[in-house]
Amino acid sequence: MNGWNRALWLSALVAGLAGSATAGTEAQPSTAPAAASAHYAGAPTRTAIVPAEAMRVIRVEGNEPLLDPVSPLWAGAKPVAVTMQPQAVTTPGNPQPAITTLNVRSVHNGHWLSLLIEWKDPTKSERVVVDQFGDQVAVELPVRFRADAPPNPMMGAPGERVSIVQWRAAFQADLDRKREMTIRDNYPYAQTDLYPDQVLNTLDMRAYMGAGGVDNPVTKHRESPVLDQVAEGFGTLTVKQHQEADGKGVWKDGSWHVVITVPMAPTTANSPRLEPGSQTVAAFAVWDGGSKEVGSRKSWSDWVPLALSK
Amino acid sequence: MPKVYNWQIGREMEYPYAEARPRKQFAMIMDTNKCIACQTCTVACKTTWTSSRGQEYMFWNNVETKPYGYFPLGWDVKILDKLGIQDVDGPVYKGKTLFEAAPEGERVLGYLPDDLDYAHPNISEDDSLGNMPQGAFITMPHMQWMHYLPRICNHCTYPACVGACPRQSAYKRPEDGIVLIDQMRCRGYRECVRGCPYKKPFFNSMTRTSEKCVGCYPAVETGRQTQCTITCIGKIRLQGFISAPDKAREDNPMDYLVHIVKIAKPLYPQLGLEPNVYYIPPIHVPAFYTRQLFGAGVEHAVHTYRKAMDDKKLLAALLLFGATPMILDRFKLEGDMAVGFDDKGQEVVRVPMREPTFLRVAFDEAYKTHRSNIT
């Protein structure tokens with residue numbers, strides 16, 4: 001059976017198994033969740049999606065990653081309208097997603113593959129508190145692409161690893177702020193006392209800092225506004241130890257313009273090697289923070305063929 | 001969905017994971033009749049665990065006044081309203097649990113609170129049900145009443161947070177049943193915040209992950225009771241380990257009070273999570289209210305509590321609350337002493353059933369002075 005069917009079969013097979021997932025490292029992505037990930041009854045069935053036209057990735061000059069959403073280098077790349085479908089395979093689902101189309105174009109310079117992803121969003125969502133979620137978009141590439149057997153587009157499957165680079169508006173805001181975030185960035189009138197890290201030594205204080213004390217990558221991400229990740233199916237998403245992807249997002253006049261760029265000759269085994277003149281596929285997922293989309297409450301696309309110019 | 005057995009509702013129910021009870025189950029009993037809402041427990045928990053960035057608004061332990069107080073705002077009335085009126089009478093729950101009532105595409109029936117719902121932790125503190133009319137006098141139960149409800153994470157047997165998390169970042173420890181959110185694995189989706197009906201996972205806007213009561217596991221692992229328990233001024237709490245009903249041990253104070261004497265009841269058992277924090281119901285509050293809060297058997301619990309003076313063994317168990325910081329695995333009544341033992345069989349506390357009295361003479365010969373009564 002093909003990768004997509006196999007994912008569903010595996011989900012049904014492990015139904016009823018209890019236990020907690022392992023923390024997961026890059027070599028051993030964490031175990032997939034059981035039971036509840038099976039296709040839930042009453043979900044909209046996966047209608048035949050008209051495959052997106054192939055995206056031609058034109059070659060441009062340069063050695064550095066292309067990070068500027070308004071660079072003239074994008075002009076020669078033809079955008080492709082990617083259909084985004086509701087996530088309805090695993091729970092919690094998102095039957096009525098906010099974003100149904102992404103406009104994507106792509107260039108490479110032999111060293112970096114860059115994608116410019118644009119979509120309409122009247123609300124710029126970057127403040128993350130309990131009832132507010134940030135805007136996000138992600139690009140998925142198979143780590144090893146085989147034209148006759150593409151991996152499961154739904155975050156891969158065991159043995160079919162995918163590389164997922166996720167840009168977050170909240171990280172973009174962190175970087176644009178150019179200083180450490182404080183509680184007053186979210187709550188301007190907050191009054192606070194001393195924090196444990198202001199009175200305890202480095203070793204002792206980490207126990208009282210929650211995720212900040214264990215260097216959770218979604219907490220402090222200083223390198224770039226993107227998370228460079230690998231996955232082998234739902235619930236296995238793991239942040240790579242060495243971050244090589246980069247990106248930049250700009251919101252203007254009711255639209256997001258986000259660049260995500262990946263090295264074509266990466267140093268880790270969990271990132272795809274991309275050769276000029278070769279083919280691969282890419283898929284996308286997007287979250288509208290303003291509609292409280294996060295995690296599996298997203299819209300996602302099927303594979304879009306990519307043809308890299310020589 | 002797998003079927004699991006929930007003894008508090010007297011039947012099997014659906015849950016995203018198969019039944020897997022821990023080797024020991026962390027549990028706490030709170031005597032609401034002794035709580036004075038001094039909030040010492042709240043401050044103890046806050047200064048221990050939630051003094052860091054993003055945790056400023058969190059109260060992993062909170063004490064609210066019923067009927068009109070809540071933290072976050074309306075947490076219980078909102079979920080009861082969403083679930084709809086259910087038949088809670090009788091030993092077997094005939095209504096739906098939160099898992100059985102989960103809408104299409106969701107794992108549990110829940111909702112995400114507004115940010116501002118957390119801005120009023122003391123709302124309606126000390127407000128009673130209504131005004132006393134002119135000339136009224138107190139009856140039992142009170143016609144106008146209020147009571148305090150101290151709350152922590154219930155470390156449920158079937159946690160909604162564990163069931164809701166799509167990444168299995170929330171988990172239940174097999175060694176002691178304490179429920180934790182893995183701070184390395186969490187990505188801040190807040191499915192746990194949506195799912196938990198008691199609203200005890202909290203989202204940290206600085207770390208962008210969700211956090212919750214950790215059951216003071218570093219203390220519990222070394223045989224010490226939780227911070228909120230040992231600092232309680234009124235000695236209303238006892239923390240220990242509870243067994244499943246069919247394995248209840250009469251000399252385990254938790255099993256004795258919950259399973260045998262049945263004086264301590266779970267909080268909103270009809271939601272179906274099998275919470276492990278148990279309450280001795282307030283004796284002055286009418287049963288029509290406490291039955292919704294604690295389930296069937298509240299009248300029996302109140303009746304038993306009011307006659308505790310006639311039951312020496314029950315009184316011995318109650319006197320061990322707040323008597324020692326160590327977790328008691330076993331207790332016994334030895335003459336006129338309540339004795340508690342840790343899990344290694346060591347005696348850790350001995351409480352006299354009757355407080356010793358000393359008569360002091362009115363005129364002290366040694367100091368040549370009178371003693372006066374101080375009131």
Side-chain angles (χ1 to χ4, degrees), chain A residues 15-21 23-24 30-31 33-37 40-43 88 90-95 127-133 170 181-183 186-187 190 192-197 205 207-216 218-220 234-237 292 294-297, chain B residues 1-2 15-20 48-57 72 102 104-108 112-118 162-174 181-191 193-195 202-211 218:
Chain A
L17 287 179
S20 52
S30 32
T31 51
S37 63
Y40 58 91
T90 190
T91 50
N94 193 16
R127 176 175 178 258
V128 182
V129 296
V130 65
D131 59 356
Q132 288 186 15
F133 298 82
M181 188 169 150
T182 75
I183 193 70
N186 282 329
Y187 301 98
T192 57
D193 205 309
L194 288 173
Y195 292 118
D197 53 88
M205 72 189 190
Y208 302 102
M209 291 164 62
V214 293
D215 295 326
N216 186 323
V218 313
T219 297
K220 278 227 169 58
F234 295 140
T236 68
L237 195 58
K292 298 204 195 313
V294 73
S296 59
R297 302 177 194 271
Chain B
M1 267 211 252
Y15 186 66
Y17 299 104
E19 188 159 347
T48 305
W49 295 113
T50 59
S51 323
S52 195
R53 292 178 174 78
Q55 299 178 321
E56 296 87 347
Y57 80 99
E104 200 57 66
E106 299 286 341
R107 299 184 186 194
V108 63
L112 192 67
D114 292 338
D115 198 20
L116 283 179
D117 286 349
Y118 295 92
V162 171
C165 182
R167 277 177 61 78
Q168 294 186 330
S169 300
Y171 64 102
K172 191 172 170 69
R173 300 189 345 159
I181 297 174
D182 185 336
Q183 289 303 302
M184 190 56 183
R185 198 173 165 76
C186 178
R187 288 169 68 98
Y189 296 161
R190 285 155 264 174
E191 299 299 338
V193 180
R194 277 185 204 251
F202 295 91
F203 181 68
N204 185 324
S205 64
M206 295 294 287
T207 64
R208 298 178 181 142
T209 59
S210 301
E211 305 176 357

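Lettering of chains follows the sequences in order, A, B, ..., and the numbering in each one begins at 1.
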- Residues that A:Ala207 engages under side chain to side chain contact (heavy atoms under 4.5 Å, CB included), provided they are two or more places apart: none

- Item | With sequence neighbours excluded, residues passing side chain to side chain contact (heavy atoms under 4.5 Å, CB included) with A:Asp215 | A:Arg206

- Query: Between A:Asp131 and B:Tyr118, is any side-chain donor less than 3.5 angstrom from a side-chain acceptor?
  - Reply: no

- Are B:Gln55 and A:Tyr195 close enough that a side-chain donor and a side-chain acceptor fall under 3.5 Å? no

What's the spacing between [X] [atom1] and [Y] [atom2] if we round to 0.5 Å?
X        : Y        : atom1 : atom2 : value
B:Arg167 : A:Ser296 : CZ    : OG    : 11.5 Å
B:Ser205 : A:Met181 : OG    : CE    : 5.5 Å
B:Thr48  : A:Tyr208 : OG1   : OH    : 7.5 Å
B:Arg53  : A:Ile183 : CZ    : CD1   : 9.5 Å
B:Met206 : A:Asn186 : CE    : CG    : 7.5 Å
A:Thr236 : B:Gln168 : OG1   : CD    : 11.5 Å

- For the candidates B:Gly188, B:Ser169, B:Cys186, which exhibits the highest count of non-hydrogen atom pairs separated by less than 4.5 Å from chain A? B:Cys186

- Best-contacting candidate, B:Val162, B:Thr50, B:Asp117, B:Leu112, against chain A by heavy atom pairs under 4.5 angstrom: B:Leu112

- Which atom pair, heavy atoms only, marks the closest approach of A:Asp197 to B:Ser52? OD2-OG, 4.5 Å

- Between B:Glu106 and A:Pro92, the two heavy atoms sitting closest are OE1-CB, 3.8 Å

Structural part of [X] lying under 4.5 Å from a heavy atom of chain A:
X        : result
B:Asn204 : neither
B:Thr209 : side chain
B:Arg194 : side chain
B:Arg208 : both
B:Phe202 : neither

- Could you walk me through whether B:Glu104 and A:Thr91 pass the side chain to side chain contact (heavy atoms under 4.5 Å, CB included) test, one step at a time? CA-CA 9 Å; B:Glu104 200 57 66; A:Thr91 50; over 6 Å; no

- Message: Checking A:Asn216 against B:Arg185 for the side chain to side chain contact (heavy atoms under 4.5 Å, CB included) test, could you report, in this order, the C-alpha distance in whole Å, the side-chain angles of both residues, the deciding distance, and whether it holds?
- Response: CA-CA 7 Å; A:Asn216 186 323; B:Arg185 198 173 165 76; over 6 Å; no

- Item | Derivation and outcome, side chain to side chain contact (heavy atoms under 4.5 Å, CB included), residues A:Val130 and B:Val193 | CA-CA 9 Å; A:Val130 65; B:Val193 180; 4.1 Å; yes

- Message: Could you tell me if B:Arg190 sits above the aromatic ring of A:Phe133, with its cationic atom closer than 6.0 Å to the ring centre and no more than 45 degrees from the axis?
- Response: yes

